[in-house]
Amino acid sequence: MVQAAATEVIAGSYTVGASALVGQVTSAATVATFNSGERLTRAGAVAISVTGNSLMGWVARAEGPAFVRRCAVAAAAHAGIGMLGLSVIVVAGPELTGLLFGEFRMAQEDCVWFGCYYLLWSLETVTGRHVLANKHQTRPLLLSTLVGGVFGLVGVPVAAGAIGSTGAVMAMCGAMAIIVLLEVPVAASVLRREWRAAPERRADVNAFRA
C-alpha cells in the first residue's frame with residue numbers, strides 16, 4: 001500500500017507539476033502554449049483510463065496462457081488508442097487547442113512529442129497495470145517510475161530553459177520512454193513465467209482429480 005502510494009506521488013511529480021517547472025525557466029506565453037498541449041493530452045487520456053479500467057479485472061482473472069493472451073488483447077487495444085491519439089494530436093492539435101482553450105494554441109512543433117507521450121502513456125498502462133500490477137511486481141514498478149520521475153523532474157526545466165515548450169515535452173516523453181523500457185523486460189519475464197507455468201498447473205489439477 002505504501003509502495004503504491006509512493007509510486008503515484010513520484011509519477012505525478014513531473015507530470016502534474018510540469019507547468020510549474022516550465023514556468024520557472026520560461027515566459028508566461030511559453031507556459032500558456034505548453035499548457036494547451038498538456039491539457040489536450042490529458043483530456044484524451046480519459047480514453048486510456050477507461051480502457052485500462054475496463055480490461056483490468058478481465059486480465060487479472062486469468063492465469064497461465066489465458067493471462068498472456070488477455071495481456072496481448074490489452075496491448076493491442078492500448079496500442080490502437082495510443083496511435084489514434086498520436087494521429088489526432090499531430091494532425092489537429094493546434095486547431096483543437098485553439099477551439100478549446102482560445103488564444104494560446106499548442107505549438108505545431110510540440111505536436112509530435114505530445115503525441116508520442118500519449119502513445120507511451122497508453123502502452124505503459126499495459127506493462128505497468130495489466131502485467132506488473134496484476135502480478136504484484138510492485139518493486140520493479142516503483143523503481144521504473146522512480147527513475148523516470150527523477151529524469152522528468154530534472155529534464156523538464158533544463159530542456160524547457162534550453163528550447164522552450166518543445167524541450168519540456170521532449171523531456172516528458174523521454175521520462176515516459178524510460179519507464180516503459182524498464183518495465184518491458186520485467187513484464188516479458190512475467191509473461192514467460194505465466195506461459196510456462198501452465199503444464200505444471202494442469203498436472204497439479206490432474207493429480208488432485210486422480
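- The cluster map of Ile, Leu, Val, Met, Phe, Trp and Tyr, joined by side-chain heavy atoms under 4.5 Å apart, puts I48 and V88 in the same cluster.
- From L132, atom CG reaches atom CZ of R139 across 13.5 Å, with rounding to the nearest 0.5 Å.
- Rounding to the nearest 0.5 Å places OG of S144 at 6.0 Å from CD1 of I179.
- Under the 4.0 Å criterion applied to side-chain N and carboxylate O atoms, K135 and E194 are assigned as salt-bridge partners.
- The CZ atom of R42 sits 10.0 Å away from the OG atom of S49 when rounded to the nearest 0.5 Å.
- A 4.5 Å side-chain heavy-atom check between M56 and N53 finds every atom pair outside the cut-off.
- Through direct or relayed side-chain contacts under 4.5 Å between Ile, Leu, Val, Met, Phe, Trp and Tyr, L86 connects to M83, V90, V112, L119, L123.
- Two different hydrophobic clusters hold I81 and V50 under the rule that ILVMFWY side chains link at heavy-atom gaps under 4.5 Å.
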Practice task
Give the C-alpha distance, both sets of side-chain angles, the deciding distance and a yes or no for side-chain contact (heavy atoms from CB on, under 4.5 Å) between L143 and L182.
Solution key: CA-CA 9 Å; L143 177 62; L182 289 175; 5.7 Å; no

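- Here OG1 of T127 is found 10.5 Å from CG of L191. Values are rounded to the nearest 0.5 Å.
- Interatomic distance, CG of L153 versus CG of L21, reported as 6.5 Å (0.5 Å rounding).
- Nearest heavy-atom pair, A74 versus V59, reported as atom, atom and distance to 0.1 Å: CB-CG2, 4.4 Å.
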Practice task
Show your reasoning for whether side-chain contact (heavy atoms from CB on, under 4.5 Å) applies to T51 and H78.
Solution key: CA-CA 7 Å; T51 304; H78 279 283; 3.9 Å; yes

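- Minimum interatomic distance between E183 and G128 (heavy atoms only, all atoms of both residues): OE1-N, 3.4 Å.
- Aromatic ring centroids of Y117 and W113 lie 6.0 Å or more apart.
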Handout entry: CA sep, side-chain torsions, deciding dist, call: C111, M106, side-chain contact (heavy atoms from CB on, under 4.5 Å)
Key = CA-CA 7 Å; C111 291; M106 178 183 195; 4.1 Å; yes

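- Under the 4.5 Å side-chain heavy-atom criterion for ILVMFWY residues, no single connected hydrophobic cluster contains both W195 and V126.
- For the pair S189 (side chain) and P185 (backbone), a donor-acceptor distance under 3.5 Å is absent.
- No chain of hydrophobic side-chain contacts below 4.5 Å, direct or via other Ile, Leu, Val, Met, Phe, Trp or Tyr residues, connects F101 to F104.
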Practice task
Determine, stepwise, if the pair F114 / E38 fulfils side-chain contact (heavy atoms from CB on, under 4.5 Å).
Solution key: CA-CA 8 Å; F114 269 119; E38 187 186 34; 4.2 Å; yes

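- When hydrophobic clusters are built by joining Ile, Leu, Val, Met, Phe, Trp and Tyr residues whose side-chain heavy atoms come closer than 4.5 Å, directly or via intermediates, L84 is not grouped with V91.
- Counting only N and O atoms by type, the side chains of S27 and T30 include a donor and acceptor under 3.5 Å apart.
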Side-chain polar contacts of residues 156-173 - donor-acceptor pairs under 3.5 angstrom, sequence neighbours left out - could you list them?
residue, atom, partner, partner atom, Å
S165, OG, D110, OD2, 2.7
T166, OG1, D110, OD1, 2.4

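- When all heavy atoms are compared, the tightest approach of G82 to Y118 is O-CD2, 3.8 Å.
- A donor-acceptor distance shorter than 3.5 angstrom exists from the side chain of T125 to the backbone of W121, with no hydrogens or angles considered.
- In this structure, CZ on F34 lies 12.5 Å from CZ on R39, to the nearest 0.5 angstrom.
- There is no side-chain donor-acceptor pair under 3.5 Å between N134 and R70.
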